[in-house]
There are 2 protein chains.
Amino acid sequence: MAYSVVVKWLFALLIGIGTALAAVFINISVENFAGWKYSLTFNIIQRSYFAGFLVYMLINLALVLSSVCIITRFAPAAAGSGIPEIKGYLNGIDTPGILLFRTLIGKIFGSIGSVGGGLALGKEGPLVHIGACIASLLGQGGTTKYHLRARWLQIFTSERDRRDLVTCGCAAGVAAAFRAPVGGVLFALEEVTSWWRSQLMWRVFFTSAIVAVVVRTAMGWCKSGKCGHFGYGGFIIWDISGGQEDYSFQELLPMAVIGVIGGLLGALFNQLTYYIAYWRRNHLHKRGNRVKIIEVCIVSVITSVVSFGLPLFKECTPCPEENAISGIECPQRPGMYGNYVNFYCGNKEYNDLATIFFNTQDDAIRNLFSAKTIHEFSALSLLTFLVMFYSLAVVTFGTAVPAGQFVPGIMIGSTYGRLVGMFVVSFYQKLNIEEGTYALLGAASFLGGSMRMTVSLCVIMVEITNNLKLLPLIMLVLLISKAVGDAFNEGLYEEQARLKRIPLLESRPKYQMRNMTAKEACGNHQVVYFPRVVKVVDVLSILKSNYHNGFPVIDHTRSGETLVIGLILRSHLLVLLQSKVDFQHSPLPLNSRDGPVPIRHNLTEFIKPVSSKGISIDDIHLTPDDLEMYIDLAPFLNPSPYIVPEDMSLTKVYNLFRQLGLRHILVVPRASRVVGMITRKDLLIEDNEDTAGVELQSTSVRDHQGDRRLSRRKADTEQPLLDGLLV
Amino acid sequence: MAYSVVVKWLFALLIGIGTALAAVFINISVENFAGWKYSLTFNIIQRSYFAGFLVYMLINLALVLSSVCIITRFAPAAAGSGIPEIKGYLNGIDTPGILLFRTLIGKIFGSIGSVGGGLALGKEGPLVHIGACIASLLGQGGTTKYHLRARWLQIFTSERDRRDLVTCGCAAGVAAAFRAPVGGVLFALEEVTSWWRSQLMWRVFFTSAIVAVVVRTAMGWCKSGKCGHFGYGGFIIWDISGGQEDYSFQELLPMAVIGVIGGLLGALFNQLTYYIAYWRRNHLHKRGNRVKIIEVCIVSVITSVVSFGLPLFKECTPCPEENAISGIECPQRPGMYGNYVNFYCGNKEYNDLATIFFNTQDDAIRNLFSAKTIHEFSALSLLTFLVMFYSLAVVTFGTAVPAGQFVPGIMIGSTYGRLVGMFVVSFYQKLNIEEGTYALLGAASFLGGSMRMTVSLCVIMVEITNNLKLLPLIMLVLLISKAVGDAFNEGLYEEQARLKRIPLLESRPKYQMRNMTAKEACGNHQVVYFPRVVKVVDVLSILKSNYHNGFPVIDHTRSGETLVIGLILRSHLLVLLQSKVDFQHSPLPLNSRDGPVPIRHNLTEFIKPVSSKGISIDDIHLTPDDLEMYIDLAPFLNPSPYIVPEDMSLTKVYNLFRQLGLRHILVVPRASRVVGMITRKDLLIEDNEDTAGVELQSTSVRDHQGDRRLSRRKADTEQPLLDGLLV
């Protein structure tokens with residue numbers, strides 16, 4: 001017991017370190033590629049703008065191409081953000097391929113290419129997926145193909161423990177992406193998990209804190225200049241502690257307006273991406289990988305043209321007078337850290353569109369958030385950028401590259417936020433207002449309107465801007481934008497999960513379930529029974545005749561009555577058929593009076609590896625002799641699945657199913673008598689040892705205590721039989 | 001629907017404002033009493049120390065006496081911290097009196113007296129209780145006696161909604177006590193609630209943020225000097241952002257030592273308080289209120305003697321040389337904000353023991369946490385203080401005054417933390433170490449070792465010290481102290497709940513439940529049935545013959561078989577008996593063919609007011625005529641309580657009971673056939689309206705949709721009957 005606790009904490013530590021290192025690696029790579037790209041381009045445009053553009057476009061294309069090739073050829077499951085799939089996994093749906101080693105590798109290198117290539121997407125969603133992959137692989141002891149089947153890993157064979165690890169990984173991903181340990185915990189809690197246990201919280205928090213320590217250490221190391229172009233940039237921390245200190249009540253109206261805009265644009269974003277992704281899925285991507293690659297290349301070229309070309313058409317602005325307070329130089333070279341970028345401009349002039357467009361996204365956001373730079377941007381530039389970037393983000397979403405929506409969302413939101421801020425500055429001239437504050441609120445509002453996260457988003461925004469004073473304002477815009485967005489559609493991840501046919505079970509039952517009963521929900525499906533001792537050929541034919549995943553097992557009492565003795569899973573039957581060791585010649589049940597039944601299985605055999613499809617019925621090859629033999633199912637069935645009476649309201653059934661994370665519920669006729677009643681005081685037993693966990697997966701074979709359990713289970717299944725005989 | 005959402009948010013707003021105002025009121029009162037007390041005492045000791053002591057002691061005694069009189073005469077449920085009782089309420093146990101209006105008033109004024117009177121206790125636990133009371137009273141629309149039975153309040157009639165409100169109140173209490181909105185949310189999540197729903201999180205967070213805004217506004221208002229002695233003090237915010245910036249690896253060892261000390265002292269604290277409270281409960285407090293009052297008075301006098309007398313015996317220390325960097329004056333008047341207190345000392349001398357002992361707790365902690373004051377305290381003084389204050393805290397805990405353990409815990413912890421810090425400073429002379437940092441870690445370790453909170457404590461410590469950089473260190477000491485403490489006993493609140501006989505159901509089943517079945521858990525209790533139509537006299541005699549709270553109802557099919565048609569609650573039967581409107585002369589069941597059954601009840605009648613004992617059977621007066629009549633129970637029963645087969649493992653039963661928050665589970669014989677099977681895809685129904693909530697309280701009568709529900713319920717109960725007739 002103490003041992004398994006130690007291993008769990010060790011794994012939390014390893015997940016934290018692994019995810020943090022992956023995040024550091026991605027950030028250093030992206031910053032170096034981007035830095036190199038911009039400095040090369042800038043050197044060339046000193047002579048020729050066209051040559052500079054060509055080089056810029058080709059570098060972007062090469063990076064993006066590398067990304068899409070990795071995805072299409074090597075790790076198709078690594079496309080997109082991965083958050084809907086992880087959410088599905090934690091809800092009980094194991095999408096094939098999503099947590100494999102190759103997905104992890106594809107995600108890391110694909111992210112470097114797609115983000116470094118300047119597409120309108122971010123690396124934060126992918127980092128969540130990366131954290132989850134690392135966690136899942138650790139829990140399995142390696143990749144699916146080459147499992148380390150060490151004894152000390154077997155504590156992670158229950159689905160619950162694996163889910164716990166993946167939850168830790170998600171928190172680590174957010175903590176690494178935003179350097180927000182508390183935000184990471186809350187993200188895992190609010191957005192991704194379906195079952196939360198307070199015991200888990202401390203472990204998740206520990207993982208997040210480890211990430212924070214490792215990332216901080218790595219960045220401290222990089223500050224000495226050992227990481228090339230990385231320097232101070234990279235990790236998105238936009239410290240605006242030098243910004244607006246206070247706010248007045250008149251400002252609440254424009255802030256509410258930002259909230260409404262965020263809700264509208266966010267909901268529109270969800271809707272547009274849904275339609276485009278639907279169309280892609282059903283028309284474009286069916287035509288094969290070549291189409292996917294061409295698509296991404298076209299998007300990359302368009303992005304390059306827009307981000308390089310549009311600033312060229314923008315007139316330059318003269319630099320503001322030297323401001324000793326702000327201390328910001330003007331003009332500066334493009335692609336560098338800072339505002340007031342000189343691009344195709346004369347001396348003492350800067351190009352405001354290039355400041356945000358021809359730049360890495362992190363620097364662009366830093367510029368949009370910056371304080372003491374009132375009137376840096378013209379309204380026209382911001383509007384142009386908003387429209388173009390919004391369109392690019394919509395088009396880029398759903399292409400076959402790893403893509404997060406956080407940073408694009410912040411870009412879009414901070415643009416219109418700053419736009420509103422500009423109007424506020426000119427309306428309320430007396431007040432001490434910073435446009436950067438409005439940009440921040442705009443960012444929060446767009447993310448709220450699109451992703452519909454609440455507390456975690458609030459805390460993440462506070463942690464990345466390091467400004468606790470804006471908390472109430474961020475809450476205000478989030479409240480409004482989420483409410484406005486909810487009036488139109490679901491959140492981005494839910495929409496995408498629906499599109500990907502990941503059947504998420506929400507925590508609340510649907511309204512119309514009130515008027516339905518359990519029996520109605522079952523519909524007219526024929527229930528397929530197994531007898532306790534069954535002929536192998538019958539098993540095979542029953543499994544082939546339907547797609548059910550669980551089968552009730554019945555037995556007969558001496559008086560001839562039938563009795564439901566449990567539930568057997570298809571996957572377990574397939575394992576039994578494949579291993580053949582339990583076949584017996586006699587059609588009689590195993591009897592405990594003949595001595596204990598020998599244990600022929602290592603219980604790990606019954607556990608399906610994560611992200612695989614498990615054994616298929618076509619993999620099983622049986623000889624005609626085998627087919628004539630029998631299996632006694634009693635040792636392998638779940639002796640007491642949860643049951644509901646047939647006329648129970650579906651709302652209650654749903655709660656039972658969802659809260660306990662079940663896979664099967666048996667619907668039984670109304671009972672004719674009550675044996676007893678269990679109340680709180682019957683369950684208050686003083687303990688001597690407290691190890692039994694909450695079993696979310698009632699139907700999975702557990703191998704915690706190996707042999708002891710198996711014999712226990714047998715005893716379990718024998719008991720009702722004997723019981724039945726006595727009645 | 002939209003309406004009920006608006007009301008819920010409005011209530012969250014009101015809870016936030018109410019709790020914040022209560023906290024501000026308490027803080028202003030306490031600070032003013034304490035400030036007045038210290039300045040008066042100081043003025044008198046200029047002439048005579050003995051007269052000063054007398055005045056000091058008498059003021060303390062008067063304040064404490066007012067507190068204990070309020071508690072014993074007016075609001076006995078307001079004694080102690082209230083957190084175990086609130087935890088119990090949210091776990092499903094309604095301790096009588098705990099959420100009444102008089103408890104709220106008693107708690108507020110009692111806290112002012114006990115904290116202002118200088119006892120070794122805090123006001124943070126009581127603030128959680130105050131928040132919960134405000135929430136519960138709002139949800140009920142006023143006090144139990146004078147309910148506002150407005151229609152718009154009736155959405156809070158389900159126990160789940162009331163619990164949600166109380167959860168909001170708890171978070172508001174912590175947010176107000178520590179000015180830590182995120183910490184408040186996490187406290188509610190980790191420490192007090194038993195069922196957490198992600199929908200609730202946003203609302204809880206909103207409440208906390210409102211508290212933060214209101215408290216900040218009030219403090220801003222007070223800064224202008226309108227609140228008397230309040231000034232900058234009051235709310236415990238110990239900003240140590242000027243302290244230690246970094247830490248080296250050598251420091252981890254002494255920090256681990258602090259963790260171990262915290263675990264040991266915390267566990268010892270829990271054990272000692274448990275024994276003393278046990279003895280008090282069973283011997284001392286049985287003798288009536290007078291003993292309680294005398295006890296508190298003795299404790300108050302001892303506290304006054306110790307806190308005034310001990311510093312007198314301490315030799316004074318010469319002031320350190322004027323330090324331009326620290327900028328702290330020396331010496332200062334006692335009872336003021338600041339270090340280096342002059343107490344019975346010469347010129348340019350200070351008394352280090354008086355600096356922490358003869359001071360408000362908030363200022364003492366500020367002094368212990370303070371940076372740039374190395375060697376302010378001598379080891380002997382700290383040790384004396386630690387021993388004396390620890391003893392006082394143990395003795396004070398459990399007396400009949402409102403008492404929180406947070407601030408005393410921080411006091412104790414920061415003392416030994418600073419002690420360790422002193423040794424570290426002299427050992428590692430080269431490093432830039434602040435004793436205040438160690439004091440903070442000590443405080444965290446003691447709270448961790450006593451209360452065993454983790455994430456919420458971490459976040460609270462970070463929020464009150466406003467120093468995010470210490471997060472990993474705080475986590476380290478908490479990990480160690482919690483682990484050490486867990487080796488000895490349970491957390492403080494669990495121990496206290498056990499002492500108060502609040503049967504908390506933990507989230508995990510006990511280990512030995514694995515080897516038990518549902519039937520064994522029921523024991524040999526006779527199940528008492530009701531027939532569907534029952535004679536009033538029989539109801540009365542059955543209710544008097546036992547203490548069961550729920551009774552299965554059976555009916556007969558035409559073929560003569562019995563059928564369990566539902567569960568009826570004792571409390572609902574008592575309502576029926578009291579109102580008499582459902583009595584009928586005929587022993588035949590109501591029949592839906594005779595037209596709809598008239599609705600004679602306002603469903604709020606069935607809801608027990610919070611913190612009351614409900615109707616007693618002795619309150620019911622029936623005439624002999626009444627006794628001869630019949631009741632048809634069908635419209636009032638819960639038609640489909642959750643059921644389990646008799647040989648189900650108790651672990652599974654426990655999970656069902658605990659996760660769904662049930663009160664009764666029926667144990668039924670193993671089914672003979674399966675009607676159907678419910679899997680995930682049966683529950684994926686596209687919704688048009690999503691209002692059905694998770695029903696934690698399956699057996700409570702809900703009146704959401706009033707009439708419609710009642711008729712629905714009848715249909716529900718009719719159906720199985722008809723079903724049975726057809727078979």
Side-chain angles (χ1 to χ4, degrees), chain A residues 182 190 198 201-202 205 209 213 454-455 471-472 475 503 508-511 513-514 519 521-522 527 552 561-564 640 643 645-648 651 654-655 657 659-660 664-672 674-680 682-685 687 689-694 719-720, chain B residues 190 198 201-202 205 209 213 454-455 459 471-472 475 503 508-511 513-514 519 521-522 527 552 561-564 640 643 645-648 651 654-655 657 659-660 664-672 674-680 682-685 687 689-694 719-720:
Chain A
V182 182
E190 185 191 356
S198 59
M201 191 150 179
W202 190 213
F205 194 53
V213 171
T454 52
V455 181
L471 186 67
M475 284 193 60
R508 291 151 158 252
K510 305 278 187 208
Y511 185 73
M513 288 187 181
R514 292 198 160 202
K519 197 180 178 182
C522 302
V527 178
E561 287 172 51
T562 60
L563 209 60
V564 181
S640 46
I643 58 172
E646 56 188 344
D647 54 354
M648 183 181 258
T651 310
Y654 188 93
N655 286 334
F657 194 91
Q659 304 291 90
L660 268 61
H664 300 92
I665 293 179
L666 297 188
V667 181
V668 299
R670 205 167 252 275
S672 63
V674 175
V675 175
M677 206 145 69
I678 289 184
T679 58
R680 181 180 285 260
D682 299 317
L683 296 174
L684 290 166
I685 299 168
D687 60 331
E689 197 185 351
D690 186 10
T691 56
V694 175
Q719 206 179 350
Chain B
E190 186 190 355
S198 59
M201 191 151 181
W202 190 213
F205 195 56
V213 172
T454 53
V455 181
V459 173
L471 186 65
M475 283 193 63
R508 291 150 158 252
K510 305 279 186 205
Y511 184 72
M513 288 186 180
R514 291 197 161 203
K519 197 181 181 185
C522 304
V527 178
E561 287 171 50
T562 59
L563 209 59
V564 181
S640 46
I643 58 172
E646 56 188 345
D647 53 355
M648 183 180 258
T651 310
Y654 189 94
N655 287 333
F657 193 91
Q659 305 291 93
L660 268 62
H664 301 91
I665 293 180
L666 298 187
V667 181
V668 298
R670 204 164 256 274
S672 63
V674 176
V675 175
M677 203 146 69
I678 289 185
T679 57
R680 180 179 285 260
D682 298 316
L683 296 173
L684 289 167
I685 298 167
D687 62 331
E689 197 183 353
D690 185 11
T691 57
V694 176
Q719 206 179 347

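Lettering follows sequence order; numbering is per chain, from 1.
For B:V675, the parts sitting under 4.5 Å from any heavy atom of chain A are the backbone and the side chain alike. With a 4.5 Å cut-off on non-hydrogen atoms, A:L471 touches chain B through its side chain but not through its backbone. Within the 4.5 angstrom heavy-atom criterion, atoms from both the backbone and the side chain of B:V674 approach chain A. Proximity to chain A (any heavy atom under 4.5 Å) is shown, for B:V455, by both the backbone and the side chain.
Taken to the nearest 0.5 Å, the CG atom of A:L684 stands 7.0 Å off from the OH atom of B:Y654. Rounding to the nearest 0.5 Å gives a distance of 10.0 Å between NE2 of B:H664 and CG of A:D682. Note that the CZ atom of A:R670 and the CD1 atom of B:I643 stand 8.5 Å from one another [nearest 0.5 Å].
In terms of heavy-atom pairs under 4.5 Å with chain B, the best-connected choice from A:E561, A:M475, A:E190 is A:M475. Ranked by non-hydrogen atom pairs under 4.5 Å with chain A, the options B:L683, B:V459, B:L666 are led by B:L683.
Taking each heavy atom of B:M677 and A:C522 in turn, the nearest pair found is N-SG, 3.7 Å. Scanning all heavy atoms of the two residues, the minimum distance from B:T679 to A:F657 falls at C-CZ, 3.8 Å. In terms of heavy-atom proximity, A:S640 sits nearest to B:M648 at O-CE, 3.3 Å. Taking every heavy atom of both residues into account, B:G676 and A:V527 meet most closely at CA-CG2, 3.4 Å.
A donor-acceptor pair under 3.5 Å is formed between the side chain of A:T562 and the backbone N or O of B:S672.
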> Could you walk me through whether A:V668 and B:V668 pass the side-chain contact (heavy atoms from CB on, under 4.5 Å) check?
Replying inline: CA-CA 11 Å; A:V668 299; B:V668 298; over 6 Å; no
